[in-house]
Amino acid sequence: MRVESVRGMRDILPEEAWVWQAVEEMLRQVFALYGYEEIRLPVVERAELFSRGVGETTEVVHKEMYVFPDRKGLELALRPEATASVVRAYLEHGLYAKGGVTKLYYLGPMFRYEKPQMGRQRQFHQYGVEALGSLDPALDAEVMALAWHLMEALELRGEHLLFRVNSIGCREDRPKYREALRSYFAPHAAGLCPDCQRRLEENPLRILDCKEPACRELAGAAPRATDHLCPGCKEHFGQVLSFLDALGLVYVEDPTLVRGLDYYTRTVFELASRELGAQDALLGGGRYDDLAELLGGAPTPGVGFAGGMERLILVLTGQGVGAQERPLLDVYVVPIGGEAKRPAVELLTRLRKAGLAADMDYVGRSLRKMMEIAGKRARYALILGPDELVRDQATVKNLATGESQTFSLAEVPERLRGLAERSC
RNA sequence: GGGAGCGUAGCUCAGUUGGCAGAGCACCGCGCUGUGGCCGCGGCGGUCGCGGGUUCAAGUCCCGUCGCUCCUCCCA
């Protein structure tokens with residue numbers, strides 16, 4: 001049988017890849033507006049980075065991570081997310097030594113062993129930002145504003161987007177809140193779904209975002225994380241919300257919002273789209289003030305988020321982005337007869353050196369066919385036949401208007417550049 | 001991990017109670033090597049996902065398997 005790609009890992013073909021490039025370009029521009037610089041991280045890390053950072057008991061780590069030993073038996077993992085790597089790199093290279101807030105962004109593939117479906121692949125791609133070194137609630141709000149700015153820059157229609165925010169407190173608050181949840185749910189344990197009965201012991205916070213109707217109903221009246229915050233966390237959350245208001249950001253406070261990664265503290269948020277079906281989270285993030293310590297570094301607060309490229313592009317194409325024309329060639333060179341081949345090849349090179357995107361046929365297509373290809377792919381056809389050659393000329397045809405002009409071979413690249421610039 | 005549906009040409013899909021493998025689009029050629037879009041004619045293109053089974057005969061029925069899609073789950 002023919003060798004095929006691995007389940008959950010797909011190719012992004014040119015017809016789609018150019019949309020990715022355009023989106024990535026837009027993301028980079030907006031990141032730069034907020035003072036973020038790119039960091040490029042390895043795709044493979046020590047498995048320990050994630051079991052310590054993201055949490056041994058999280059689904060992402062203990063059920064979905066690609067783990068394998070290298071040839072010397074070192075436990076490695078394909079990264080399931082990038083925040084732990086960013087913090088690892090921050091500590092490893094002493095980026096804190098520069099003082100102030102370190103703002104980093106990344107783009108790249110992540111890996112999780114899940115059942116693939118629409119908007120969920122085993123190799124998927126995330127864009128994300130991390131701001132390290134400040135506890136300031138204004139920074140939480142700024143990170144969220146940046147996320148919203150991205151959506152606006154990409155012209156995502158706001159009515160399909162919902163920003164949810166919550167605070168899950170610090171490491172002192174969390175055990176207390178967990179206990180509060182346990183004692184609330186314990187008497188109703190029989191009414192919970194089997195998963196949640198297990199969660200009651202392991203991680204009662206996750207009962208809150210269970211979608212089982214019975215669990216949801218119970219969760220509705222459950223104690224709220226925001227009622228179990230220490231004074232410091234309460235103050236912080238209040239400040240975050242007031243900065244969000246000041247920035248004019250529309251959001252919903254959602255006391256059931258809990259994230260699946262253990263490193264989150266205080267602020268957590270999520271941006272969902274109604275256009276995505278079951279996998280509706282476009283991006284998610286929050287604060288992770290203990291992560292640096294979990295990884296053996298000095299205490300360093302941080303906030304950030306990560307978004308899924310595939311889902312972003314799904315929403316964008318759903319809104320008709322990418323339906324317009326792909327970038328065209330400037331020129332398609334059409335030689336007529338064998339004599340013209342050599343000058344055509346030479347001319348191609350000169351066109352390209354002049355900065356014009358140019359191509360020609362290499363499979364021996366008929367003149368008519370070459371013109372047809374030119375009409376589809378290029379703005380101009382450059383016809384080079386015996387008639388032109390005797391005069392050292394070429395015919396340039398504007399494929400949108402059908403008009404032709406004749407130029408001397410020597411000046412063709414220059415003249416075409418002039419035409420191409422005017423028509424842009 | 002649990003549940004459901006679907007896999008036929010590059011793409012979108014027909015294919016009757018089991019009886020010769022089809023269409024449209026795309027691609028290539030010709031009409032028309034001196035000019036693309038329209039039209040006409042012709043052509044290329046298939047391990048019917050894969051492997052078994054039932055049958056005189058399987059795209060069609062049965063079992064398994066892989067893949068995709070949806071729900072659940074998880075999250076980006």
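Chain letters run A, B, ... following the sequence lines, proteins first and then strands; every chain starts at 1. Heavy atoms only: backbone and side chains are in, while hydrogens, waters and symmetry mates are out.
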Which atom pairs link the protein and nucleotides 1-4 of chain B when you take only N or O atoms and keep those under 3.5 Å?
from : atom 1 : to     : atom 2 : distance (Å)
B/G2 : N7     : A/K115 : NZ     : 3.3
B/G2 : O6     : A/K115 : NZ     : 3.0

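- Atom C1' of B/C73 sits at a distance of 49 Å from the matching atom of B/C56, rounded to the whole Å.
- Of the inter-residue distances, the one linking A/D361 atom CG with A/R365 atom CZ reads 5.0 Å to the nearest 0.5 angstrom.
- Spacing between B/U33 and B/C70 at atom P, rounded to whole Å, works out to 50 Å.
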Output a table of donor-acceptor pairs, distance under 3.5 Å, between side-chain atoms of residues 132-153 of chain A and any protein atom two or more places apart or on a different chain; print 'none' if there are none.
from   : atom 1 : to     : atom 2 : distance (Å)
A/S134 : OG     : A/D136 : N      : 3.0
A/D136 : OD1    : A/A138 : N      : 2.8
A/D140 : OD1    : A/R287 : NE     : 3.1
A/D140 : OD1    : A/R287 : NH2    : 2.6
A/D140 : OD2    : A/H236 : NE2    : 3.1
A/D140 : OD2    : A/T267 : OG1    : 2.6
A/D140 : OD2    : A/R287 : NE     : 2.9
A/E142 : OE1    : A/K103 : NZ     : 2.8
A/W148 : NE1    : A/E152 : OE2    : 3.2
A/H149 : ND1    : A/Y34  : OH     : 2.7

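- In this structure, a donor-acceptor pair under 3.5 Å is absent between the side chains of A/Y288 and A/R266.
- A ring-centre distance under 6.0 Å is not found for A/Y251 and A/F163.
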Could I get a table of every N or O pair under 3.5 Å where one atom is in the protein and the other is in nucleotides 24-28 of chain B?
from  : atom 1 : to     : atom 2 : distance (Å)
B/C27 : OP1    : A/K376 : NZ     : 2.8
B/C28 : OP1    : A/R365 : NH1    : 2.3
B/C28 : OP2    : A/K369 : NZ     : 2.4

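- Applying the salt bridge (charged side-chain N to carboxylate O under 4.0 Å, His left out) test to every pair with at least one member in residues 304-317 of chain A, sequence neighbours left out, gives no pairs at all.
- Residues passing the salt bridge (Lys or Arg N to Asp or Glu O under 4.0 Å) test with A/E372 are A/K369, A/K376, sequence neighbours excluded.
- Residues passing the salt bridge (Lys or Arg N to Asp or Glu O under 4.0 Å) test with A/R171, sequence neighbours excluded: A/D290, A/E293.
- Identified under the salt bridge (charged side-chain N to carboxylate O under 4.0 Å, His left out) test for residues 386-395 of chain A, with sequence neighbours left out: none.
- Between A/F305 and A/Y127, the ring-plane angle classifies as perpendicular under the 30° and 60° cut-offs.
- For the C1' atom pair drawn from B/C32 and B/G42, the interatomic distance equals 15 Å after rounding to whole Å.
- When the C1' atom is used for both B/U55 and B/C61, the distance is 10 Å, rounded to whole Å.
- By the salt bridge (Lys or Arg N to Asp or Glu O under 4.0 Å) test, A/E346 is found to be paired with A/R342, residues two or more places apart in sequence or in another chain being considered.
- Counting any heavy atom pair closer than 4.0 Å across all strands shown, A/E64 reaches sugar-phosphate atoms only and no base atom.
- Which of B/U69, B/A76, B/U35 sits closest to the side chain of A/E388 comes down to B/U35.
- With hydrogens and angles left out, the side chain of A/E270 and the base of B/A76 share no donor-acceptor pair within 3.5 Å.
- Here the side chain of A/E114 is nearest to one of B/A76, B/U35, B/C70, namely B/A76.
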May I have the list of side-chain donor-acceptor pairs in residues 403-413 of chain A shorter than 3.5 Å, sequence neighbours left out?
from   : atom 1 : to     : atom 2 : distance (Å)
A/E411 : OE1    : A/R415 : NH1    : 3.4
A/E411 : OE2    : A/R415 : NH1    : 3.1

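- Comparing B/C68, B/A76, B/U35 by their nearest atom to the side chain of A/P116 picks out B/C68.
- A/G385 comes within contact range of at least one nucleobase, with a heavy-atom separation under 4.0 Å.
- The salt bridge (charged side-chain N to carboxylate O under 4.0 Å, His left out) contacts involving residues 115-132 of chain A comprise A/E114-A/R120, where partners must be two or more places apart or lie in separate chains.
- Within 3.5 Å, a donor on the side chain of A/R368 pairs with an acceptor on the base of B/G31, or the reverse.
- Base contact: A/G119 has a heavy atom under 4.0 Å from a base atom.
- Comparing the P positions of B/U17 and B/C62 gives an interatomic distance of 14 Å, to the nearest angstrom.
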List the steps, then state whether salt bridge (Lys or Arg N to Asp or Glu O under 4.0 Å) holds for A/E38 with A/R40. CA-CA 7 Å; A/E38 185 179 13; A/R40 300 200 182 196; 3.2 Å; yes
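- Within residues 283-291 of chain A, the residues that have a heavy atom under 4.0 Å from RNA chain B are, in order of number, A/L283, A/G284.
- Nearest nucleotide to the A/R7 side chain, out of B/G36, B/A76, B/C68: B/C68.
- Heavy atoms of A/A374 sit nowhere under 4.0 angstrom from any nucleic acid atom.
- Separating the C1' atom of B/G49 from that of B/G43 is a span of 28 Å, rounded to the nearest Å.
- To the nearest whole angstrom, the two P atoms, one in B/C63 and one in B/C27, are 42 Å apart.
- As the counterpart of B/A23, B/U12 is assigned, both hydrogen-bonding distances of the Watson-Crick or G-U wobble pattern falling under 3.5 Å.
- B/C6 and B/A14 are spaced 11 Å apart, taking the P atom of each and rounding to whole Å.
- Among the atoms of the strands shown, none is found under 4.0 Å from any heavy atom of A/D361.
- Closest-nucleotide positions on RNA chain B for A/G375 and A/L271 were compared, and the one nearer the 5' end corresponds to A/G375.
- With a 3.5 Å ceiling on both atom-pair distances, the Watson-Crick or G-U wobble partner of B/C61 is B/G53.
- At the heavy-atom level, A/Q117 lies under 4.0 Å from base atoms of the strands shown.
- Of the nucleotides present, B/U69 is the one that pairs with B/A4 by Watson-Crick or G-U wobble criteria, both distances under 3.5 Å.
- With sequence neighbours excluded, no residue forms a salt bridge (Lys or Arg N to Asp or Glu O under 4.0 Å) with A/E253.
- Contacts of A/L312 with the nucleic acid, taken as non-hydrogen atoms under 4.0 Å apart, are absent.
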